[in-house]
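Heads up: the structure comes next, in structure tokens.
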Amino acid sequence: VPETPKTHPKDSTSTQTLLEKEPVWNVVVMNDPVNLMSYVVLVFKRVLGFDETRARKHMLEVHRNGRSVVWTGHREEAELYVNQLQQWQLTALLEPES
Amino acid sequence: VQRLEIRLSLPAVSPLLQRLEPLAARLRDTLANPVVRAQDDEDFRELWAGELLEAQREDLAALAGLFDEEFHRSGRIVIDQRNADGVLRACSALRLHLRETELTFATDAQLESGEPDFEKMSDADKLAYSCYVVLATLQEIVIENLDLDEPYSEEDAEDVGDDEEFGDPDEADEDNA
């Protein structure tokens with residue numbers, strides 16, 4: 001009877017390392033002097049599913065700091081959010097999480 | 001409120017619409033908020049921009065749809081959950097384009113505070129600024145008064161409010177902020 005294959009410790013570590021290194025992306029919204037605060041809050045609620053408090057927090061971050069990271073995760077989903085935010089005429093971009 | 005009827009003054013609004021018409025025409029071929037995606041190849045950038053442009057055209061059509069025969073007869077426009085998103089986005093597109101092309105005499109601070117230097121503005125500038133303000137006012141009225149928490153879908157035409165067209169990103173999202 002063949003022995004049950006054992007997981008090689010080195011392989012296991014490599015897999016774990018690969019998973020840990022899967023790139024993570026930030027969806028960033030930049031400030032603009034045109035879009036209304038109430039509009040930006042609405043967009044965050046609609047596109048990102050934020051509640052009022054969280055939407056206002058990020059809107060104020062955009063207003064005061066010039067940018068806010070509104071979502072972090074895998075690239076495909078991040079791209080979708082960036083696209084939707086851009087459809088709402090916000091200046092949104094994708095950047096790798098540092 | 002799920003439906004807004006707004007009565008506008010035809011003599012006051014008509015010149016603004018005439019002023020906005022060429023801008024809206026330009027925005028059928030130009031993104032109001034150009035996308036910077038330096039990391040992507042040209043084909044992907046074109047595809048991405050093309051999708052956004054198509055969406056922008058649909059939004060402009062939603063806004064133009066407000067000013068129909070009924071509007072020209074009575075000054076009345078109707079906004080509900082079916083056209084509200086498009087109207088809001090089109091207002092933003094036009095405001096961004098106005099800022100970029102017509103309101104270059106004003107600083108960002110002046111526009112954000114709503115206090116440009118009127119004495120230095122020509123009549124054409126004043127008309128452009130009036131468009132900018134009216135579009136913002138329309139957005140504020142819609143946002144403050146319409147129930148926009150849930151996106152509209154055709155399936156819910158008779159029972160608006162129960163749909164969840166989008167997933168809940170918070171479920172997959174710890175605390176991203």
Side-chain angles (χ1 to χ4, degrees), chain A residues 24-55 57-63 66 68-97, chain B residues 31-40 48-49 51-52 54-56 58-59 84-85 88-100 103 106-112 132 135-137 139-140 142-144 146 148-151 164-177:
Chain A
V24 175
W25 294 79
N26 291 332
V27 175
V28 184
V29 173
M30 309 296 290
N31 190 34
D32 72 67
V34 174
N35 283 309
L36 302 171
M37 290 181 171
S38 56
Y39 177 82
V40 176
V41 168
L42 172 76
V43 175
F44 287 169
K45 287 161 72 177
R46 291 294 297 276
V47 173
L48 298 157
F50 289 174
D51 61 22
E52 179 76 22
T53 304
R54 192 172 177 193
K57 171 184 168 284
H58 283 280
M59 177 276 293
L60 288 171
E61 204 169 277
V62 171
H63 184 68
S68 177
V69 176
V70 296
W71 195 87
T72 300
H74 296 305
R75 179 161 187 161
E76 196 174 331
E77 209 171 347
E79 293 268 21
L80 187 64
Y81 286 129
V82 168
N83 187 277
Q84 288 178 356
L85 291 164
Q86 289 176 347
Q87 280 191 30
W88 281 87
Q89 304 294 349
L90 296 193
T91 305
L93 52 91
L94 194 63
E95 66 177 25
E97 191 177 50
Chain B
L31 286 175
N33 197 0
V35 178
V36 178
R37 290 185 65 92
Q39 74 274 22
D40 298 319
W48 186 277
E51 284 182 10
L52 290 175
E54 185 56 37
Q56 186 174 278
E58 289 174 15
D59 294 339
D85 285 2
L88 288 170
R89 287 191 293 251
C91 288
S92 268
L94 283 164
R95 278 167 50 81
L96 283 161
H97 198 51
L98 273 165
R99 201 284 172 263
E100 190 66 27
L103 303 177
T107 65
D108 287 348
Q110 286 174 328
L111 287 178
E112 283 201 80
Y132 187 79
L135 289 167
T137 305
Q139 285 184 309
E140 283 175 339
V142 172
I143 291 168
E144 284 175 18
L146 262 189
L148 294 169
D149 282 347
E150 298 294 341
E164 289 194 25
E165 189 173 302
F166 298 108
D168 181 359
D170 281 346
E171 285 179 6
D173 160 23
E174 295 300 320
D175 188 358
N176 301 300

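On a predicted model such as this, the values are computed, not experimentally measured, just so you know. The sequence lines fix the lettering, A, B, ..., with proteins before strands; numbering per chain opens at 1.
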Counting only non-hydrogen atoms closer than 4.5 Å, does [X] touch chain A with its backbone (N, CA, C, O), its side chain (CB onward), both, or neither?
X        : result
B:Ile143 : side chain
B:Ala136 : both
B:Arg99  : side chain
B:Glu51  : side chain

Straight-line distance of [X] [atom1] to [Y] [atom2], nearest 0.5 Å:
X        : Y       : atom1 : atom2 : result
A:Thr53  : A:Lys45 : OG1   : NZ    : 9.5 Å
A:Leu94  : A:Leu80 : CG    : CG    : 11.5 Å
B:Glu144 : A:Ser38 : CD    : OG    : 6.5 Å

Check your understanding: Would A:Val34 and B:Tyr132 count as a side chain to side chain contact (heavy atoms under 4.5 Å, CB included) if you check the C-alpha gap in whole Å, the side-chain angles of each, and the deciding distance to 0.1 Å?
Key -> CA-CA 9 Å; A:Val34 174; B:Tyr132 187 79; 3.7 Å; yes
Practice item. Check whether any side-chain heavy atom of A:Tyr39 sits under 4.5 Å from a side-chain heavy atom of B:Arg89, and report yes or no. Key: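 Yes; the side chains approach each other to less than 4.5 Å.
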**Study point:** Winner by heavy-atom pair count (cut-off under 4.5 Å) against chain B, out of A:Val43, A:Asn35, A:Asn83
**Key:**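 Looking at each option in turn, the highest pair count goes to A:Asn83.
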Review point. Any idea which of A:Leu42, A:Leu36, A:Thr91 has the most non-hydrogen atom pairs under 4.5 angstrom with chain B?
Key: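 Of A:Leu42, A:Leu36, A:Thr91, A:Leu36 has the most heavy-atom pairs under 4.5 Å with chain B.
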**Study point:** Per-residue contact mode, A:His63 against chain B (heavy atom under 4.5 angstrom)
**Key:**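 For A:His63, side-chain heavy atoms alone lie under 4.5 Å from chain B.
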Review point. Taking it one step at a time, do B:Asp85 and A:Arg46 satisfy side chain to side chain contact (heavy atoms under 4.5 Å, CB included)?
Key: CA-CA 10 Å; B:Asp85 285 2; A:Arg46 291 294 297 276; 2.7 Å; yes
